[in-house]
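Reviewing the structure listed below.
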Amino acid sequence: MTREKHQKSENLRDLPGDTSEVIVRFAPNPNGPLSIGHSRGVVINSSYAEIYSGKVVLRFDDTDTKVKAPLRNAYDWIREDFEWLAGRPADVEVIASERMPVYLNYAEKMISDGFGYVCRCSAEDFRASRESKSECSCRDRKVDENLEDWEKMNSGIFLEGEAVVRVKTDMTLPNPALRDWPALRIQHSEHPIVADKYKVWPLLDFQSAIEDHEQGVTHIIRGKDLMDSTRKQTLLYNHFGWQYPETLYWGRVKVHEFGGFSTSSMQESINKLDYEGWDDPRLPTIKALRRRGFDSQSIKNMWSEIGLTQKDISISMKTLESLNSALIDSKCERRSFVAKPVSLEIKTDLKNPQILLPRHPENKILGSREWKFESSILVQSSDLVDGKVRLKDFADIYISDFEAKIESLNRSDNRPIIQWLTKGVAQEATLSIPNEEGVEIIRGVVEGFEIRLGEVYQLERIGFARVEDIVEGVVRMLWLHN
RNA sequence: GCUCGUGUGGUGUAGUUCGGUCCAUCAUGCCGCCCUUUCGAGGCGGCGACCCGGGUUCAAAUCCCGGCACGAGCACCA
């Protein structure tokens, strides 16, 4: 525990500003479960909260009911993913849609105080104003008129697209993104939590700005695609007379193996039944990584090692797999899996030779697996070639014509070593390996020695795999990595 | 187009604040060898980088100027 903390502080640079009471936040849109990209936000933010004995807020940014509508189940999925990654639940949880009165109240104050206004221009017309740096006619209207229109927005008289509330900045600002940016818009579609209670919903820049202030967030750590968001929000904070939090950014992340993906594109593929669900092992979701048997610490280690750089990076699953192997290798017992098994008869004069295999080759896990000898054994069809071979942890043999002769119990030369099973210990099994085309299911037999559901084993000469299910004696395993 | 950000080996990262200790760190990857009752783990060796061009300086990955490349924002998405 202390070592873990020490490691993190070595990798993550110090936060700027006052760090006496750090409050950070992670704010996903609950339109699906967390992906590997999101995990950076969870890990970085929760780690900083831990390092500074501060707090991390988990905030569900669910104020868009239309374009990326929230998914009812996603709230729980995200809570679960967050806890798995951070090792504990968030200190504070906020659901934006439940905080609507607060946002609408601030919006009204903004209009009353004259630094916000209702704009009835069409999106296209305003785009033209923004480009020409000219103020639109809505901008100079009286506060009373604005409040009247605000009322019409909220009561549903104004329809979607007929009005937005803008923050007054300066139309001549060099950065076009900041010119009188939109803060709230009308959406009449149903929300999974509050249904049709509200007609006007805040946009991210407004909702997030208000909520960060309400929660007393001291440090915002997020992707650098939100840099202009910081600039917009700083202008709003100036209007309210608030101090903007310290802000840090990370760059864009791509994962080699997965290419471009987004929560909505994954949702689409799942709907089309291209995948079995959010935890399909081919998907870059946290659910999938957990299912496959990754140790959450490997994900934490990866993000800590990468740190907080603004560089756009492209990471490889190989890196994560390597970090994961380092963590789980010493904890995983060995088992033998024989794919596409074929029988082999062993000829020997030995009386009940002993077969003792270690649970772990370096005795990181003490004890052994013991099999009862039988003359009839199973080996992988691909391993069945005439010649010298060693049956792992047992004996050097000579194969010829589906028969094997024991040459020596000790290793006598460096002939290849193969894994094998006696018929008695062999238990029917499948190993699912995801690949480009789909999920390949390899049939075979696994060593039926203390197979525990959910456990990750290292299948000798194959790699790590997790036991997903045991149905009617058939052990179903899912491939993890080498 | 405007605005912002980033550029160190295949990948990720250290070093850039206050120029020399950097013919550049560590990890991963790949290659070879060793060890081993696994194609795991371990050991040893190797490969491989400061975006480009100027400038300042005795000295530049580090400072200055100019390019270039990549990414992002300019959504009534987050």
Side-chain angles (χ1 to χ4, degrees), chain A residues 11 27-31 60-70 96 119 121-124 126-127 130-131 133 153 160-166 173-179 181-187 200-205 207-208 222-232 249 251-254 256 262-264 301-307 309-323 325-326 328-330 332 334-336 356-358 360-362 364 390-396 409-411 414 416-419 458-464 481-482:
Chain A
N11 288 313
N29 176 353
N31 63 339
F60 295 99
D61 279 352
D62 59 349
T63 58
D64 168 33
T65 62
K66 226 184 168 79
V67 184
K68 288 180 186 166
C119 176
C121 297
S122 68
E124 303 74 52
F126 191 83
R127 189 177 306 131
R130 181 170 45 231
E131 275 165 19
K133 301 187 179 181
M153 286 174 77
E160 290 188 7
E162 289 188 343
V164 297
V165 174
R166 296 189 180 281
L173 251 21
N175 187 342
L178 313 186
R179 299 173 195 156
W181 54 272
L184 302 100
R185 77 327 203 170
I186 300 168
Q187 285 195 335
V200 177
W201 289 88
L203 285 143
L204 168 88
D205 292 315
Q207 177 271 128
S208 175
R222 58 182 170 195
K224 70 173 182 182
D225 51 311
L226 263 18
M227 273 182 165
D228 280 346
S229 215
T230 297
R231 298 180 185 107
K232 289 185 214 174
Y249 308 95
R252 207 184 62 130
V253 182
K254 256 190 189 167
H256 283 147
S262 67
T263 306
S264 20
N301 290 350
M302 182 177 75
W303 292 124
S304 293
E305 277 175 27
I306 288 171
T309 66
Q310 289 190 26
K311 217 172 129 179
D312 296 330
I313 57 168
S314 192
I315 54 169
S316 164
M317 283 302 287
K318 289 257 180 75
T319 307
L320 183 60
E321 289 172 3
S322 156
L323 288 168
S325 302
I328 69 172
D329 181 75
S330 60
C332 292
R334 271 51 177 172
R335 290 292 183 274
S336 194
L356 265 185
L357 310 89
H360 190 282
E362 282 100 46
K364 297 272 174 60
R390 177 165 178 84
L391 297 179
K392 189 168 187 319
D393 297 308
F394 179 51
D396 286 358
L409 286 179
N410 292 322
R411 187 148 168 76
N414 48 7
I417 296 165
I418 64 168
Q419 83 278 26
Q458 193 199 76
L459 303 178
E460 284 169 319
R461 287 180 73 218
I462 296 170
F464 295 97
H481 53 70
N482 300 319

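The sequence lines fix the lettering, A, B, ..., with proteins before strands; numbering per chain opens at 1.
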Whole-Å [atom1] distance, [N] and [M]:
{"N": "B:G71", "M": "B:G66", "atom1": "P", "value": "23 Å"}
{"N": "B:C2", "M": "B:U28", "atom1": "C1'", "value": "40 Å"}
{"N": "B:A72", "M": "B:A78", "atom1": "C1'", "value": "14 Å"}
{"N": "B:U13", "M": "B:C22", "atom1": "C1'", "value": "16 Å"}
{"N": "B:G10", "M": "B:G55", "atom1": "P", "value": "28 Å"}
{"N": "B:A24", "M": "B:A61", "atom1": "P", "value": "11 Å"}

Find the distance [X]:[atom1] to [N]:[atom2] and express it as a whole number of Å.
{"X": "A:K224", "N": "B:U3", "atom1": "NZ", "atom2": "P", "answer": "18 Å"}
{"X": "A:K364", "N": "B:U38", "atom1": "NZ", "atom2": "P", "answer": "14 Å"}
{"X": "A:L459", "N": "B:C39", "atom1": "CG", "atom2": "P", "answer": "15 Å"}
{"X": "A:R179", "N": "B:C74", "atom1": "CZ", "atom2": "C1'", "answer": "8 Å"}
{"X": "A:N301", "N": "B:A27", "atom1": "CG", "atom2": "P", "answer": "15 Å"}
{"X": "A:L184", "N": "B:C77", "atom1": "CG", "atom2": "C1'", "answer": "15 Å"}
{"X": "A:D61", "N": "B:A78", "atom1": "CG", "atom2": "P", "answer": "8 Å"}
{"X": "A:L320", "N": "B:G12", "atom1": "CG", "atom2": "P", "answer": "15 Å"}

Determine whether any donor atom in the side chain of A:E362 lies under 3.5 Å from an acceptor atom in the base of B:U36, or the reverse, and answer yes or no.
->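 Answer is no: no donor-acceptor pair is held.
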
Any strand: nucleotide that pairs with [N] via Watson-Crick or wobble, under 3.5 Å:
{"N": "B:U25", "value": "none"}
{"N": "B:C76", "value": "none"}
{"N": "B:G53", "value": "B:C65"}
{"N": "B:C70", "value": "B:G5"}
{"N": "B:C18", "value": "none"}
{"N": "B:G42", "value": "B:C34"}

Are OP1 or OP2 of [N] and a side-chain N or O of [X] less than 4.0 angstrom apart?
{"X": "A:R252", "N": "B:A72", "answer": "yes"}
{"X": "A:K311", "N": "B:U8", "answer": "yes"}
{"X": "A:T309", "N": "B:U13", "answer": "yes"}
{"X": "A:R390", "N": "B:U38", "answer": "no"}
{"X": "A:R411", "N": "B:C35", "answer": "no"}

Lys/Arg N to Asp/Glu carboxylate O, A:D61 vs A:K68, below 4.0 Å |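 Answer for the salt bridge query: no.
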
Taking NZ, NE, NH1 and NH2 as the nitrogens, is one of them in A:D205 or A:R231 under 4.0 Å from a carboxylate oxygen of the other?
->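 No salt bridge links A:D205 with A:R231.
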
With heavy atoms under 4.0 Å as the rule, sort [X] into base, sugar-phosphate or nothing.
{"X": "A:S264", "answer": "nothing"}
{"X": "A:K318", "answer": "nothing"}
{"X": "A:R231", "answer": "sugar-phosphate"}
{"X": "A:G161", "answer": "base"}
{"X": "A:Q419", "answer": "nothing"}
{"X": "A:T63", "answer": "sugar-phosphate"}
{"X": "A:P361", "answer": "base"}
{"X": "A:L226", "answer": "base"}
{"X": "A:I313", "answer": "sugar-phosphate"}
{"X": "A:C119", "answer": "nothing"}

Considering only heavy atoms from C-beta outward, does the side chain of A:L203 approach that of A:L184 to under 4.5 Å?
->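 No; the side chains remain at least 4.5 Å from each other.
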
Taking atom types as modelled and ignoring hydrogens, do the side chains of A:S314 and A:H256 form a donor-acceptor contact shorter than 3.5 angstrom?
->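 On atom types as modelled, these side chains qualify, holding a pair under 3.5 Å.
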
A:S336 side chain to A:R461 side chain, donor-acceptor N/O pair below 3.5 angstrom |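 No, no side-chain donor-acceptor contact under 3.5 Å.
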
Validate the cation-pi geometry between A:R166 and A:F126: distance from NZ or CZ to the six-membered ring centre under 6.0 Å, angle to the ring axis within 45°.
->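 Verdict for A:F126: a cation-pi partner in A:R166.
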
Identify, between A:H256 and A:Q310, the residue whose nearest nucleotide on RNA chain B lies closer to the 5' end.
->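 This one resolves to A:Q310.
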
Most 5' of A:L356 and A:S229 on RNA chain B, judged by nearest nucleotide |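 Nearest nucleotide further toward 5': that of A:L356.
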
Considering only side-chain heavy atoms of A:M227, which listed nucleotide, B:C77, B:C74, B:G5, is closest?
->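 Looking only at heavy atoms from C-beta outward on A:M227, the closest nucleotide is B:G5.
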
What's the closest nucleotide to the A:N29 side chain, out of B:A78, B:C76, B:U3?
->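 For A:N29, the side-chain atoms sit closest to B:A78.
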
Step by step, work out the side chain to side chain contact (heavy atoms under 4.5 Å, CB included) result for A:D64 and A:Q187.
-> CA-CA 8 Å; A:D64 168 33; A:Q187 285 195 335; 3.0 Å; yes

If only atom types and distance count, is the side chain of A:S322 paired as donor or acceptor with the main-chain N or O of A:K318 below 3.5 Å?
->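 Not at all, since once roles are kept as given, no pair shorter than 3.5 Å links the two residues.
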
